[in-house]
Amino acid sequence: MTNRKGVTPHEAAKVADGSMLYLDGVTVSFDGFKALNSLSMIIKPGEMRAIIGPNGAGKTTMMDVITGKTRPDLGDVLFDGGVDLTKHDEAAIASMGIGRKFQKPTVFESHSVYDNLILALKQNRTARATLFAMTGKADEDRINELLELTRLTAQRDLLAANLSHGQKQWLEIGMLLAQDPRLLLVDEPAAGMTDAETAETAVLLKEIAKSHSVVVVEHDMDFVRDLDVRVTVLHEGSVLAEGTLDQVSSNDRVIEVYLGR
Amino acid sequence: MAKAETMTEANTTPRYSSWVLSALTDRTSVSVLGAIGALAIACVLLNQLPESSAFHVPTYMISLFGKYLCYAVLALSVDLVWGYCGILSLGHGAFFALGGYAMGMYLMRQIGDRGVYGHPILPDFMVFLNWEELPWYWYGFDFFPFAMLMVVVAPGALAFVFGWFAFRSRVTGVYLSIITQAMTYALMLAFFQNDMGFGGNNGLTDFKDLMGFDLRSDGVRNWLFLSSAATLAIGYILCRLVTTSRMGKVLIAIRDAESRARFLGYRVEYYKLFVFTLSAMLAGVAGALYVPQVGIINPGEFAPLISIEIVIWVALGGRGYLYGAIVGALVVNIAKSYFTVAFPEIWLFFLGGLFVLVTLFMPRGIVGLVGETIGSAYGSMKGSARRRAEAMGGADD
């Protein structure tokens, strides 16, 4: 696929060299409505980026494009400096090391916390392999580590359905980590959380960002301030502003979009 | 029970034997297998009593029970795809019937020259249609092992091809159910055609021998009944192995939140294809054992209504519990045998009413209700989790 400037993926790959995620001129339209309009963005390895924007700015569509759920009409989506994500499906992209957390916490409710993590663990995901899969000592240790990290050790054998909303969010983050991804896409991790939980989630994400690239979509400005990272503002499917939270929040265009014209 | 499983997993090194052993020897499996075995042996022994005895079970009853056991295997196969993977197949009767036809073809060939027309090779209906020679797809069916192979291969191949297209195109939910209905309906129409070479409207019947033994003899009837019981036991163990493996966890994950499973990197379509094909094969075996015990197979077995009835057995017995499917198939069919004789005109109303009541008041079926009454805390947690997961729908935001 070539983008609108006629740059081939090969040439784009050179520009994308050394990036974790590279979006260039990505356009997605649904029945004529442009959910993404020539969106471009680069995430460096080890970087944590917060993405903010009003409703309908294209945040979720962007996640869909990166994880293979939606194919872009135009533009390049490259992972790890050169892998063209538009040519792969969800399962393949997940196996490459891109993990996604949904806006609404989505865990397997009729499985225990432990089983949820087992399923998320990095492993051979083919049907044949899982039919004969056995849980070894290394897997146990990893799960215990994750339970510790997400503060769910006491809930290990509880069904996921019986967790509180915040605990489900953490379990989902734990499942993301169990996949051992290189890039985490986290959609509104603090939605519906109490203030205390929100603050703890920020700490947890900062801890994770030490060893992973993370993209966080969030509405909650206090939470974004807690994260203290570079911020990208989306509006009508493209990037409106980029910089520190203070920089973007003093940007006239951003104020106009957020406060109405 | 689940707690005990995770405990053993935690404390032992990985061993396949422990997986197989627990599928065979945990409390549920032992109860189910023990019940099947005890009932089967009891029926056969009671059949041996002199006819004057009050406890004598007549041979026709043995075959009737054998038929129920075949239905139980069929219910098991539906529960595997529906209860564990959320694939609501309303076309499983087609796989059952295909297995039945494969067995029927073998039994037709066993008749030899003893048909009404006395033709040395051709079955009666072909002579009647003035056919000159056996169609190519009837070749080999006089050979028992080949026929038994086709009992699993024919339904398995259909399920594989059907599933390949349906699951890859991500057809799910009610749309999938509708096309499974269309599939079995189309097959019914096809098998009604005389030109198809499967006996058309009348199907295959007038069977005489099975592997050279007289089908009407008490001995063969008892053996067929015992084989049905053994198939049910083996089918149960097979399903139990699948559902207690990590794959079983993936299947439940797919049932509860399909797109979450996809974003975790699981190729949902291959998992569905695997269980769907396995389940179709199991249904085929059930059909093959059913045919010699009822003495006929005709296109009526492909009727969409029959496939819907199977789902009702499973829902009634307890979807998502393997033994629930067995209980459901047995209870409904025993009730059916009684009601269709005692009150033939109200049977369908009774069945319909039962389904409504179960859906409204016993969402987890008979075994779920029994489990709840006993007060199994784990069971009720699991139930509420499932209901919530269903209410939540997909994983998409």
Side-chain angles (χ1 to χ4, degrees), chain A residues 60 63-64 67-69 89-104 106-112 114-116 118-123 125-137 139-140 143 156-162 172 175-176 178-179 181 185 187-188, chain B residues 2-3 5-16 18-19 170 241-242 245-275 278 320 378 381-397:
Chain A
T60 301
M63 295 265 194
D64 286 346
T67 51
K69 193 180 176 200
D89 67 0
E90 295 101 318
I93 290 171
S95 308
M96 285 175 205
I98 298 185
R100 175 178 188 178
K101 194 198 120 7
F102 290 92
Q103 193 169 346
K104 193 169 74 180
T106 337
V107 292
F108 302 122
E109 306 230 334
S110 35
H111 278 316
S112 66
Y114 174 88
D115 281 347
N116 268 278
I118 282 247
L119 286 174
L121 270 190
K122 191 173 189 173
Q123 62 188 315
R125 299 266 204 255
T126 61
R128 197 193 310 162
T130 50
L131 184 57
F132 299 108
M134 295 286 139
T135 310
K137 185 80 175 66
D139 295 342
E140 287 295 333
I143 288 175
R156 181 183 191 272
D157 294 322
L158 213 60
L159 289 184
N162 299 340
E172 204 181 355
M175 289 166 71
L176 264 191
Q179 293 178 67
L185 304 175
D187 204 349
E188 302 207 17
Chain B
K3 196 162 187 170
E5 272 170 20
T6 47
M7 292 283 282
T8 48
E9 271 172 13
N11 298 332
T12 55
T13 47
R15 274 244 165 82
Y16 291 125
S18 71
W19 168 45
R170 300 193 183 177
L241 280 175
V242 171
S245 71
R246 188 172 296 170
M247 174 191 250
K249 289 178 180 159
V250 178
L251 293 177
I252 290 176
I254 290 171
R255 179 192 73 193
D256 287 353
E258 179 169 331
S259 67
R260 189 81 197 89
R262 256 184 230 287
F263 285 116
L264 274 185
Y266 290 103
R267 290 207 180 271
V268 169
E269 52 273 24
Y270 295 152
Y271 281 87
K272 286 184 171 177
L273 198 56
F274 175 81
V275 278
L278 180 70
Y378 169 73
M381 269 154 52
K382 188 162 183 162
S384 66
R386 185 166 309 151
R387 277 196 292 280
R388 228 174 293 175
E390 272 162 12
M392 207 178 71
D396 292 11
D397 43 41

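What you are looking at is a predicted structure, and each value in this text was computed from that prediction instead of being measured. No hydrogens, no waters, no symmetry mates; every other heavy atom, side chains included, goes into these values. In what follows, chains are A, B, ... by sequence order, proteins preceding strands, each numbered from 1.
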Are any of the side-chain heavy atoms of [X] and [Y] separated by less than 4.5 Å?
| X | Y | answer |
| --- | --- | --- |
| B/R246 | A/L121 | no |
| A/F108 | B/L264 | yes |
| A/V107 | B/R260 | no |
| B/Y266 | A/T130 | yes |

field: Check: A/H111 side chain, B/K249 main-chain N or O, donor-acceptor pair, under 3.5 Å
entry: yes
message: I'd like to know if the side chain of B/Y271 reaches the main chain of A/T126, judged simply by a donor and an acceptor atom lying under 3.5 Å from each other, with no hydrogens or angles considered.
response: yes
statement: The side-chain contact (heavy atoms from CB on, under 4.5 Å) partner of B/R262 among A/R100, A/K69, A/E90 is A/E90
- prompt: Looking at A/L131 and B/S245, what are the two nearest heavy atoms and their distance?
  reply: O-CB, 3.4 Å
field: B/G265 versus A/S95, closest heavy-atom pair with distance
entry: O-OG, 4.1 Å
Report the distance from atom [atom1] of [X] to atom [atom2] of [Y], rounding to the nearest 0.5 Å.
| X | Y | atom1 | atom2 | value |
| --- | --- | --- | --- | --- |
| A/S110 | B/I252 | OG | CD1 | 6.0 Å |
| B/F263 | A/Q179 | CZ | CD | 11.0 Å |
| B/D256 | A/T106 | CG | OG1 | 12.0 Å |

Heavy-atom cut-off 4.5 Å, strictly under: side chain, backbone, both or neither for [X] against chain B?
| X | answer |
| --- | --- |
| A/D139 | side chain |
| A/N116 | neither |
| A/A178 | neither |

task: Look at A/L176, A/I93, A/I143, A/D89 and state which one has the largest set of heavy-atom pairs under 4.5 Å with chain B.
output: A/D89
field: Part of B/F274 lying under 4.5 Å from any heavy atom of chain A
entry: side chain
